Each structure stands twice: as structure tokens, then as C-alpha cells.
Amino acid sequence: MNEENNELLAALDAQPDVKVGDVVTGEVLAIDDARQVVVGIDGAGVEGVIPARELTSDRDADVNDLVKVGDQIEAVVKMPITSEKEGYSWILSKRQLEARRAWEEIANKYHEGDIVEAPVTQVVKGGLVVDVAGVRGFIPASMIENRFVQDLNQYKGETVKAEIIEINAAESRLILSRKAVLNAERSEALKRIFDELSVGDVVEGKVARMTNFGAFIDLGGVDGLVHVSEISYERVSQPSDVLSVGETVKVKVLGLDPEKERISLSIKATQPGPWESAAENAPEGTVLEGTVKRVVDFGAFVEVFPGVEGLVHVSQISHEHVDNPADVLKAGDKVQVKVLDVNPDRQRLSLSIKALTEAPARENNDNGDHERRSNANSNNRRNNNGGRKNNRRDSAPMNYSTSEEEGNATLGDLFNLKDFD
């Protein structure tokens, strides 16, 4: 009898002690009415219980769907049960064990410098909450993109690649950076793009984003800029008026600057220029309707086709004298013009408004001709005077005396009117 008691005591002493933090395995003995999983801990001779909240994070889950009686289960010892009413010795947690192993896996990835893929579960003030192997992580707003992002809601539900930059399992602190991944990918893409592209190449890309001054085109991990002036031959006020994010466009490479990591692109350079057909569509003598685009001191520029502007010189605005074109024309006016001359190579188009209006009566023309001849004579006299100031003495002819004592020339002599009585 004493020998049997000694063997029993020895067997009890041989059973391992269960301590908080230990990882134990056991058989599912029952699932009680409180949705708790009763587990017989292997080799310990005691029972533990896994509450539903320590089994899964899904509050609506049916415990019977997750485990069955007779299943082997692994859990971590969370705390002892002091109440004798419970009938169990320990509270166990499957979730805590999974979290511990997840932290260990995350720590390994952190030390190895591995990139993790994490679904975005929540958008909060200041950043994104992500799930990394069941562990809650955080990506600050400044580390989401390599540029400023106004609306973070676009990332909700997305799975992002990120680099672990800070980890502290004891404080459940996990900080990640998506920006670091993007910068690394961009560096690789930059090298590839600059190796492959040459100025003058025409390639396809997608509109990544737009600003007031242009559109950024994704060429495959690297963005190039299409300035607003290079979007279309027509005037574009806002890039968003003619382009949309995600749209595929053809672009021509205008410039490459590896040092500044800049690529200059053009959309309109891939399209036929409006001047290419100007000679065919607007030969000399053609009458067109156009829109006054701007008025300057020497005339007005009128757009007759998208991207094609011609000049109506001030002398071609009206048969009447026009001092200031702005007195009779303003931007936005619709006018009829006649083509006087077209030069597509120099992108010049000479237009006339007055050529489409009836000239004044002949008498007025004669007076006008006389006035123009008089002005021409006055100009010649001023030129002969070497550009001296236009006072009475200086404007007098060289053979004309301003004093009667110095000469007796008459008006007839002056103007060579010998038959004038």
C-alpha cells in the first residue's frame, strides 16, 4: 500500500507545473452554455477554459463552428481562476497565442527588412489603421505617399505594401511606412525609365493626378509632367476640363533631367498641328469667322481655327482711321475676316476686317490720299532734318528763309507753283 501511494505521489510530482504565459495543448472536452471551450491540459491533470472572446475576435461567431469536442487545441495560459465555483483551474487564450506568434513573425520581418502587405481596416485622423497578420498597425499620413494626400478615405479597404519602421510588442506598437516602399520602387523605376526613354519618344501613360499647372502622367512607376500649355493646341484653363484621372493618353517626351528626376511631356505634340492644314483651309482670299482673342496696340489677334490665330493689323480694322484697336474691338468679339496672306511654316496669318466692308466715297478717298501724301512729305522733311526737334524753324525747308531780310522767296517758289496767281 505504501508503495502504491509512493508511485502516485511520484506521478503527481512528475506532472509539469502550469504557469501564466505557458503555451499548452489539450483536448476539447466540452462547450458549455456560456460559449466557453473546456480544455483538458495535456500532462497537467488540470482543466482550463477558453472564453469565446479569447477564441475569436468575431463576436457573432458560433463557437460550435470553430471547434468540436475531441479537437486538439493550442493556447496560452492567461491567468489562474481563483473562484472554486468555476470548477476550472486556468483561463486560456487562443487569440493571445496567435498574437504572440504574429508579433514574433513581424519582428523577424522587421529585422530582415521585409515588406509586408496589410489591408487598411480604418481611416483615422492622422493616418491609416492596418492589419498585419492579425496585429493592429498604423501608417501615419506623412508616410502614406511620397506626396501630399488630401483624402485618405481612398485607401479604405485597399491592401497596401509597407515597411515596418518601429515595433514594440510589449506596448502593442507597430508603425509602418508605405512611403519608404514607394520611394524604393520609384528609384528602380527611374533608372529603368531614364535608360529606356529618349527625347522625342512617343509612349503611353495614365493620368495620375492633376494640378492647376498641368497633369502628371504615370509612365510605369514614374510620373512625367504635361504642362497645361502642352495639353492641347486649344487654350486649356484647367487640365481637368479635358482630362480625367486614370485616362490613358499618348505623350511625347520633350525633356529628360536625371539629376532633378524630371520628365517633360506633351500630349499636343502627338496630334496633328493646326497649322499643318492652315494653307488648305484658309487660302488667300478666304472669308472666315473668328473670335478676337487679344487686342494690342498694333492690331488684334483673331482665332479662326482651334490653335490658329491671325493678326488683323490696325490698318486693316476699318477704312476710317483707328488710333487704338481697343476702341473698336475687344476679346471675345465675333468678327468676319478675309485672309490676306498665310504662311504655315512661320505660323503667320494676315487678316483684314475692312476688306469685307464697302470703301467710303471717292471724294473721301481722294482727301485721304492727299492727307497721306502730305504726311509722307512731312515725314520725308523730318528725316532730311536728321531727326531734329519738330519746331517751326527746324521743320522749314532748307531753301526757305524764316526772315524776310534773309530772302524774298514766295509761297509759289517754295512749292514750285510758278503758274499760281
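Remember, predicted model here, so these are calculated numbers, not experimental data.
The shortest side-chain heavy-atom distance between Pro80 and Val20 falls under the 4.5 Å cut-off. Looking only at side-chain heavy atoms (C-beta outward), Glu74 and Val23 come within less than 4.5 Å of each other. Between Trp90 and Val24, every side-chain heavy-atom pair lies at or beyond the 4.5 Å cut-off. Counting only heavy atoms from C-beta outward, the side chains of Leu243 and Val226 never approach each other to under 4.5 Å. Within the 4.5 Å cutoff, no side-chain heavy atoms of Pro274 are placed close to those of Phe305. Between Val37 and Asp71, the closest side-chain pair of non-hydrogen atoms is not below 4.5 Å. Considering only heavy atoms from C-beta on, Met143 stays 4.5 Å or farther from Leu176 through its side chain. Side chains of Val207 and Ile217 form a contact here, defined as non-hydrogen atoms less than 4.5 Å apart.
Contact check on Asp195 versus Arg192 returns no salt bridge, with no Lys/Arg side-chain nitrogen under 4.0 Å from an Asp/Glu carboxylate oxygen. Under a 4.0 Å N-O distance rule, the pair Arg235/Glu303 does not qualify as a salt bridge.
Under the 3.5 Å distance criterion, the side-chain polar atoms of Lys250 are left unmatched by any main-chain donor or acceptor of Gln271. Without hydrogens or angle criteria, Tyr233 side chain to Pro306 main chain gives no donor-acceptor distance under 3.5 Å. No donor-acceptor pair under 3.5 Å is formed between the side chain of Lys330 and the backbone N or O of Ala326. Checking side-chain atoms of Lys354 against main-chain N and O of Ser315 turns up a donor-acceptor pair under 3.5 Å.
In this structure, CD1 in Ile175 is found 11.0 Å from CD1 in Ile164, a value given to the nearest 0.5 Å. Of the inter-residue distances, the one linking Arg186 atom CZ with Lys179 atom NZ reads 11.5 Å to the nearest 0.5 angstrom. Distance check, rounded to the nearest 0.5 Å: CD of Glu230 to CG of Leu225 gives 10.0 Å. With rounding to the nearest 0.5 Å, the separation of CG in Leu197 from CG in Leu256 is 6.0 Å. The NZ atom of Lys78 sits 5.5 Å away from the CD atom of Gln96 when rounded to the nearest 0.5 Å. Atoms CG and OG1, from Leu97 and Thr25 in turn, are 11.0 Å apart once rounded to the nearest 0.5 Å.
Scanning for side chain to side chain donor-acceptor pair (under 3.5 Å) contacts around Arg173 gives Glu166, with sequence neighbours left out. Partners of Lys338 by side chain to side chain donor-acceptor pair (under 3.5 Å), not counting sequence neighbours: none found.
When Glu185, Glu145, Glu163 are each tested for a salt bridge (Lys or Arg N to Asp or Glu O under 4.0 Å) with Arg178, only one passes: Glu145. For the side-chain contact (heavy atoms from CB on, under 4.5 Å) with Val63, the lone residue among Thr56, Leu55, Asp32 that qualifies is Leu55.
The number of heavy atoms from other shown groups lying within 6.0 Å of CD (Gln336) is above 12. Atom CZ of Arg136 has 12 or fewer heavy atoms from other residues, nucleotides or ligands within 6.0 Å. Taking a 6.0 Å sphere around CG of Asp58, one finds it holds more than 12 heavy atoms contributed by other residues, nucleotides or ligands. When the shell of 6.0 Å around NZ of Lys94 is examined, it contains 12 or fewer heavy atoms from other residues, nucleotides or ligands. In this structure, Glu280 places its CD atom where only 12 or fewer heavy-atom neighbours from other residues, nucleotides or ligands lie under 6.0 Å away. Within a 6.0 Å radius of CZ in Arg53, other residues, nucleotides and ligands contribute 12 heavy atoms or fewer.
The two residues Pro51 and Ile91 come nearest to each other via the heavy atoms CD-CG2, 4.0 Å. Leu92 approaches Ala75 most closely through the heavy-atom pair CB-CB, 3.9 Å. Across all non-hydrogen atoms, the minimal contact from Ala30 to Val69 is CA-CG2, 4.0 Å. Residues Arg294 and Glu309 come closest through the heavy atom pair NH1-OE1, 2.7 Å. Considering every non-hydrogen atom in both Pro239 and Ile231, the closest pair reads CB-CD1, 3.8 Å. Across all non-hydrogen atoms, the minimal contact from Ile73 to Val28 is CG2-CG2, 4.2 Å.
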Glu105 vs Arg101, test: salt bridge (Lys or Arg N to Asp or Glu O under 4.0 Å). Steps then yes/no. CA-CA 6 Å; Glu105 181 182 350; Arg101 289 179 173 169; over 6 Å; no
Verdict with reasoning, Glu196 to Asp201, per side chain to side chain contact (heavy atoms under 4.5 Å, CB included): CA-CA 10 Å; Glu196 294 176 355; Asp201 287 350; over 6 Å; no
Taking it one step at a time, do Trp275 and Leu349 satisfy side chain to side chain contact (heavy atoms under 4.5 Å, CB included)? CA-CA 10 Å; Trp275 284 96; Leu349 185 64; 3.9 Å; yes
Report the C-alpha distance between Val337 and Gln316 in whole Å, list the side-chain angles of each, state the deciding distance to 0.1 Å, and finish with yes or no for side chain to side chain contact (heavy atoms under 4.5 Å, CB included). CA-CA 10 Å; Val337 292; Gln316 292 296 327; over 6 Å; no
Under the side chain to side chain contact (heavy atoms under 4.5 Å, CB included) rule, what do Val251 and Leu219 come out as? Steps first, then yes or no, please. CA-CA 10 Å; Val251 292; Leu219 302 178; 4.2 Å; yes
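Looking at Thr248 and Lys206, their side chains never bring a donor and an acceptor atom within 3.5 Å of each other.
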Do any side-chain atoms of residues 113-135 form donor-acceptor pairs under 3.5 angstrom with protein atoms, and if so which ones, sequence neighbours left out?
{"residue": "Thr121", "atom": "OG1", "partner": "Val129", "partner atom": "O", "Å": "3.2"}
{"residue": "Asp131", "atom": "OD1", "partner": "Gly134", "partner atom": "N", "Å": "2.7"}

